[in-house]
Enquirer: 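Pasting a structure here, questions to come.
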Amino acid sequence: MDISPNAYDTLKIPEATVVQRNLRNSLTQIPLKRPPITIGGADISLNRFSEIIYAGIVVLDYETLQPLHYALVQGKASFPYVPGYLAFREVPALIEAIQLLKEKPDVLMVDGHGIAHPRRMGIAAHLGALIDIPTMGCAKKKLYGNYEEPSPTKGDFSALLAADGERLGYVLRTKNKVKPVYISPGNHIDLADCLRIAQHCIGNYRIPEPTRRAHEFVNLFRTGKLSAGYHERPKDTLF
DNA sequence: GCGACAG
DNA sequence: ATCTTGTCGC
């Protein structure tokens, strides 16, 4: 599946909604075939009032959660930010970054929601529908759904539910007495696996390592401390 | 009409 | 998302 950098440039909300309704039919929830060896983190960064998007994918070793390689791409925000339509703004640049990777990650954690979305098409689901990699969403704020607040203890979680009771994902406490994060499947992954993976990726911060490092890298990129393109971790070194 | 509203 | 300093609590 391919997409040009400006694929969504001329779309209006009504048309974007149609795209979401169609893409939704291609989503699948299945357990991962094998335990992941690597996991990617996807995020973008912007300067205030700017149209330039700094997108990046960081691939980490699943066991150590240490970055192995990453790809950075500069793009243009041709679609406005509208809650519920985030994918149309960020996905084109993210796909470009993914294509630069020499080795694709076994699963990709995206900054935003998966199916925890009014039409089940959050950015992680949308991206997952266009690429051949299992995706999951990890958001910092709720977009859609209901849940009971998990206890203040790190590791505790509760289900994120749609109005009809459908389970959309989980609200996961990643740190004691700190706001939880919202986990949901994107595509080619199921609820149990995305929860297990998110739990495994918890480090010493609120944000799980994949998206936390992705955020860190795209910010370094935006501020000129990292350059566009594909980069590998020098052997016997750390990023 | 009112409240909610990822990044 | 980004800007931005101090401040409060563990």
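Worth knowing before you read on, the calculation uses all heavy atoms, side chains too, and leaves out hydrogens, waters and symmetry mates.
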Enquirer: Below 4.0 angstrom, N of the basic side chain to O of the carboxylate: do A:Glu216 and A:Lys225 qualify?
Expert: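 Salt bridge: no.
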Enquirer: Are A:Tyr182 and A:Tyr147 linked by a side-chain donor-acceptor pair shorter than 3.5 Å?
Expert: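 Distance-only check passes for A:Tyr182 and A:Tyr147.
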Enquirer: Is there a side-chain polar atom (N or O) of A:Ser50 under 4.0 Å from OP1 or OP2 of C:dT2?
Expert: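 For C:dT2, OP1/OP2 do not have a side-chain N/O of A:Ser50 under 4.0 Å.
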Enquirer: When you measure from the side chain of A:Asp193 to the backbone N and O of A:Ile189, does any donor-acceptor pair fall under 3.5 Å?
Expert: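 Side chain of A:Asp193 to backbone of A:Ile189, a donor-acceptor pair under 3.5 Å: no, none is there.
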Enquirer: Quick one: label A:His126 by what it contacts on the DNA or RNA (base, sugar-phosphate, nothing), any heavy atom closer than 4.0 Å.
Expert: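 Result for A:His126 = nothing.
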Enquirer: Do other residues, nucleotides or ligands put more than 12 heavy atoms under 6.0 Å from A:Asp236 CG?
Expert: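 Open: at most 12 neighbouring heavy atoms sit under 6.0 Å from CG of A:Asp236.
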Enquirer: Are any of the side-chain heavy atoms of A:Tyr62 and A:Ile37 separated by less than 4.5 Å?
Expert: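 A side-chain contact is absent here, since even the closest heavy-atom pair is not under 4.5 Å.
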Enquirer: Strictly below 4.0 Å, N to O, side chains only: are A:Arg120 and A:Glu166 in salt-bridge contact?
Expert: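 Yes, this pair counts.
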Enquirer: Side-chain donor-acceptor pair under 3.5 Å between A:Asp111 and A:Thr211, yes or no?
Expert: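 Judged by distance alone, the side chains do not pair up.
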Enquirer: Where along nucleotides 1-7 of chain B does protein come under 4.0 Å, by heavy atom, of base (B) or sugar-phosphate alone (S), with - for untouched nucleotides?
Expert: ----SBB
Enquirer: As a check on the pairing definition, encode DNA chain B in dot-bracket form, counting Watson-Crick and G-U wobble pairs whose two distances are under 3.5 Å, and using | for partners outside this strand.
Expert: .......
Enquirer: Only one of A:His126, A:Arg119, A:His117 clears side chain to side chain donor-acceptor pair (under 3.5 Å) with A:Tyr85; which?
Expert: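 Single pass found, and it is A:Arg119.
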Enquirer: Starting from C1' on C:dA1, measure out to CD1 on A:Ile207 and report it in whole angstrom.
Expert: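 Roughly 13 Å, once rounded to whole Å.
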Enquirer: Is there a side-chain polar atom (N or O) of A:Asn219 under 4.0 Å from OP1 or OP2 of C:dT2?
Expert: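 Yes, because at least one side-chain N or O of A:Asn219 sits under 4.0 Å from OP1 or OP2 of C:dT2.
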Enquirer: Check whether more than 12 heavy atoms from other residues, nucleotides or ligands sit under 6.0 Å from atom CG of A:Asn204, and answer yes or no.
Expert: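 No, CG of A:Asn204 has 12 or fewer neighbouring heavy atoms, counting only those of other groups under 6.0 Å.
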Enquirer: Do the side chains of A:Leu46 and A:Arg89 get nearer than 4.5 Å, heavy atoms only?
Expert: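 Contact flag for A:Arg89/A:Leu46 side chains = yes.
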Enquirer: Between protein and nucleotides 5-10 of chain C, map the contacts as a letter string: B base, S sugar-phosphate only, - none, heavy atoms under 4.0 Å, written 5' to 3'.
Expert: ------
